[in-house]
Amino acid sequence: MNDKSKKPQKLKARLPRGFVDRSAADIHATNEMTAKIREVYERYGFDPVETPLFEYTDALGKFLPDSDRPNEGVFSLQDDDDQWMSLRYDLTAPLARHVAENFNEIQLPFRTYRAGYVFRNEKPGPGRFRQFMQFDADTVGAPGVQADAEMCMMMADTMEALGIKRGDYVIRVNNRKVLDGVMEAIGLGGDDKAGQRLNVLRAIDKLDKFGPEGVKLLLGPGRKDESGDFTKGAGLGEEQIGKVLRFCDPNNFQTSDFGGNLQKDPVKTLEFFKSLFENATYQQGLEELLTIAHLVISSGYGPKAYFSGRIHIDPSVIRGLEYYTGPVYEAELLFDVTNEKGEKVVFGSVGGGGRYDGLVSRFMGQPVPATGFSIGVSRLMTALKNLGKLGQDEVIAPVLVTVMDGDVESMGRYQRFTQALRNEGIRAEMYQGNWKKFGNQLKYADRRGCPIAIIQGGDERAQGVVQLKDLIEGKRLSGEIEDNASWREARVAQDTVPEADLVAKVKEILAAQAEDRKRAGNV
């Protein structure tokens, strides 16, 4: 067969694995959410900054090029000058580079926020994507833990600005110095024990998932899950395991001295912690936590000497094992959702952060303190949908100006109607499809959810009037009204007005529709 007679192969339309297209509804919901987050950040005195999607690979810190193609965890390419560049893995490493590069121009403390997509070259799975949005806030150049306390309070305010009520979330706080002190106390200090320390911390991080008994196995020989898969443990002895669990298991706080309610009193909680280990690193971390506790209470985030459930100390919080150096904190949602298996589970973490005093210093050769947190926008949006907190400020579809005649004069008139509506802040569009099939225009309006259709044929044009069809009311009437008396009492679904009254009448109908939606929402 002649090659020329072969039909060209059609390209198969397909998304790369781990990526998703976003609908208009998702984009509107994201914009609604990020606007509320941004308002809180700016109220706290933070200003925006934007860094590019690509950074030189060695600037990403954790993923330094050590092979011909440094693409483990990041998407990388080689520039024409043989420099490796990677899509950013998070928003923190690019900020560290930005601060170091502009250190002489920026004002310290540098208070900034950033929103944008980050990329992970990892195996995708359910709810796990290779591209997702984060929204970060950071303070660079503030060495005191008062900056960390402020971050925790801002996280709490952000949750409430998004409509998550108190009791449905908590900001949990710990300190890496405390964790490092525990590691020293059980004999895991020093560089030669770094790998084992990492395994211990990862085991503690599983406390909420596996409970104390599961963590005990992970700290010791290892744990076999329900499928039979075995996870090798950290290899600690019984005495070491006992000390770790004594520290991180909240059930151990329920002593008679504290009335079984220790966590409500941060001072008593920290006094309890102090009695566990004596080394300097551990005690310094506890003093920092105590300072945070006093600042949070003094700022009205709980009654005197108590947390209100908004922010509390939790020794099981493990974040950023590679680079956090002090306080770490996490925003957790406490309400139940139904997972893909139909099981009721606590929603869990939607963001967190901590102090990372070493990240900017990599570029500077001098200490540069920094702290900040990151919100997982996509995950938080899922939570808000579960709570019914998104879509309250719904986006109304455009008013449709239909096209009855295709001559230039008529088209100009239809476009004038459309522009008049837009100039008054009303979403509007003139039909751009095949205008000769008028029925298709009304089908289009129905599919789009258009609230009103504007119609002007030759007869209306001769009289200088337009017809307005209230499509929302018309749809309701067609389904509810059964007799002529009810029809006469209902709001008119179609009206004819002079061209000069077009905008005013559209506003009137839209206002009536908005009132109907409000009443329906209060039922």
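Both backbone and side-chain heavy atoms feed into the values below; hydrogens, waters and symmetry mates do not. In this chain, residues are counted from 1 in sequence order.
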Side-chain heavy-atom pair M159, V350 within 4.5 angstrom cut-off: yes
Taking the side chain as C-beta and beyond, is there a heavy-atom pair between S23 and D26 under 4.5 Å? yes
Return the minimal non-hydrogen interatomic distance between L60 and L87, and the atom names on each side. CD1-O, 4.1 Å
In Å and rounded to the nearest 0.5 Å, what is the CG to CD distance from L162 to E32? 9.0 Å
Salt-bridge criterion met for E330 and R172 (N-O under 4.0 Å): yes
CD of Q366: more than 12 outside heavy atoms within 6.0 angstrom? yes
Are the side chain of T371 and the backbone of D148 linked by a donor-acceptor contact shorter than 3.5 Å? no
Do D205 and R202 sit within salt-bridge range, that is, some charged N less than 4.0 Å from a carboxylate O? no
With rounding to the nearest 0.5 Å, note down the distance linking CZ in R114 to CG in D90. 9.0 Å
Student check: side-chain heavy atoms of M155 and R310 closer than 4.5 Å: no
Test your reading of the model: is there a side-chain donor-acceptor pair from T34 to the backbone of N31, 3.5 Å cut-off? yes
Can any side-chain N or O of D225 pair as donor or acceptor with the backbone N or O of D229 at less than 3.5 Å? yes
Should the pair E122-R130 be classified as a salt bridge under the 4.0 Å nitrogen-to-oxygen rule? no
Short question: side chain of N121, backbone of V74 - any donor-acceptor pair under 3.5 Å? yes
How far apart are the C-alpha atoms of I37 and I375, what are their side-chain angles, what is the distance that settles it, and do they pass the side chain to side chain contact (heavy atoms under 4.5 Å, CB included) test? CA-CA 9 Å; I37 297 172; I375 288 175; 4.2 Å; yes
Donor + acceptor pair across side chains of T112, D47 (<3.5 Å): no
Y329 six-ring centre to R319 NZ/CZ under 6.0 Å and within 45° of normal: no
Side chain to side chain, K243 and Q240, heavy atoms closer than 4.5 Å: no
Residue pair V377 / F132, side-chain heavy-atom distance below 4.5 Å: no
How long is the straight-line distance from OH of Y117 back to CZ of F129, given to the nearest 0.5 Å? 11.0 Å
With side chain to side chain contact (heavy atoms under 4.5 Å, CB included) as the test, would you mind laying out the steps for F277 and K274 before giving the verdict? CA-CA 6 Å; F277 307 106; K274 279 187 174 184; over 6 Å; no
We want to know whether Y113 and E42 form a side-chain donor-acceptor pair, criterion being a heavy-atom distance below 3.5 angstrom. yes
Under 4.0 Å between a side-chain nitrogen and a carboxylate oxygen: does that hold for K177 and E288? yes
N174 side chain vs V328 backbone, donor-acceptor pair below 3.5 Å: no
About how many Å separate CD of E429 and OG1 of T418, when rounded to the nearest 0.5 Å? 9.0 Å
Please step through side chain to side chain contact (heavy atoms under 4.5 Å, CB included) for the pair F363 and V99, ending with a clear verdict. CA-CA 9 Å; F363 299 96; V99 169; over 6 Å; no
Quick one: do the E55 and S86 side chains pair a donor with an acceptor below 3.5 Å? no
Does the side chain of L218 come within less than 4.5 Å of I204's, by heavy atoms? no
Quick one: closest heavy-atom pair of G181 and T281, and the distance? N-CG2, 4.0 Å
Might you point out which heavy atoms bring V173 and C152 nearest each other, and give the distance in Å? CG2-SG, 3.9 Å
When you look at CD of E105, are more than 12 heavy atoms from neighbouring residues, nucleotides or ligands closer to it than 6.0 Å? yes
Rounded at 0.5 Å granularity, tell me how far CG in L179 sits from CD1 in I318. 4.5 Å
Sub-3.5 Å donor-acceptor pair from the side chain of S316 to the main-chain atoms of L207, do we have one? no
Is there a side chain to side chain contact (heavy atoms under 4.5 Å, CB included) between F110 and T139 once you walk through the steps? CA-CA 6 Å; F110 185 47; T139 298; over 6 Å; no
Give me each pair satisfying salt bridge (charged side-chain N to carboxylate O under 4.0 Å, His left out) with a member in residues 77-87, each pair once, sequence neighbours excluded. none
Between R355 and D138 (salt bridge meaning N to carboxylate O under 4.0 Å), is one present in this structure? no
To the nearest 0.5 Å, tell me how far D157 CG sits from Y44 OH. 3.5 Å
For Y324 against G353, the heavy-atom pair lying closest together: OH-CA, 3.2 Å
Ring centres of Y431 and Y444 under 6.0 Å apart? yes
Taking atom CG of D191 as the centre, does the number of heavy atoms from other residues, nucleotides or ligands within less than 6.0 Å exceed 12? no
Checking the side chain of T57 only, and the main-chain atoms of W84 only, is there a donor and an acceptor separated by less than 3.5 Å? yes
How close do A137 and M154 get, counting heavy atoms only, and between which atoms? CB-CE, 3.5 Å
Identify the heavy atoms of T325 and R176 that sit nearest to each other, and give their distance. C-CB, 4.0 Å
Is there a donor in the side chain of Q419 and an acceptor in the side chain of R416, or the other way round, less than 3.5 Å apart? no
For the backbone of A234 and the side chain of Q196, can you confirm whether one donor and one acceptor N or O come within less than 3.5 Å of each other? yes
Validation row: P398, R448 side chains within 4.5 angstrom (heavy atoms): yes
Could you check whether any side-chain heavy atom of H312 comes within less than 4.5 Å of a side-chain heavy atom of D314, counting everything from C-beta outward? yes
Once you measure the plane-to-plane angle for F273 and F247, does it fall in the parallel (<30°), tilted (30-60°) or perpendicular (>60°) bin? tilted
Students often mix this up, so state it plainly: with edges at 30° and 60°, are the rings of Y41 and F46 parallel, tilted or perpendicular? tilted
Using 30° and 60° as the class limits, which term best fits the ring planes of F19 and F75: parallel, tilted or perpendicular? tilted
Does a salt bridge link E101 with R97, judged by any charged N lying under 4.0 Å from a carboxylate O? yes
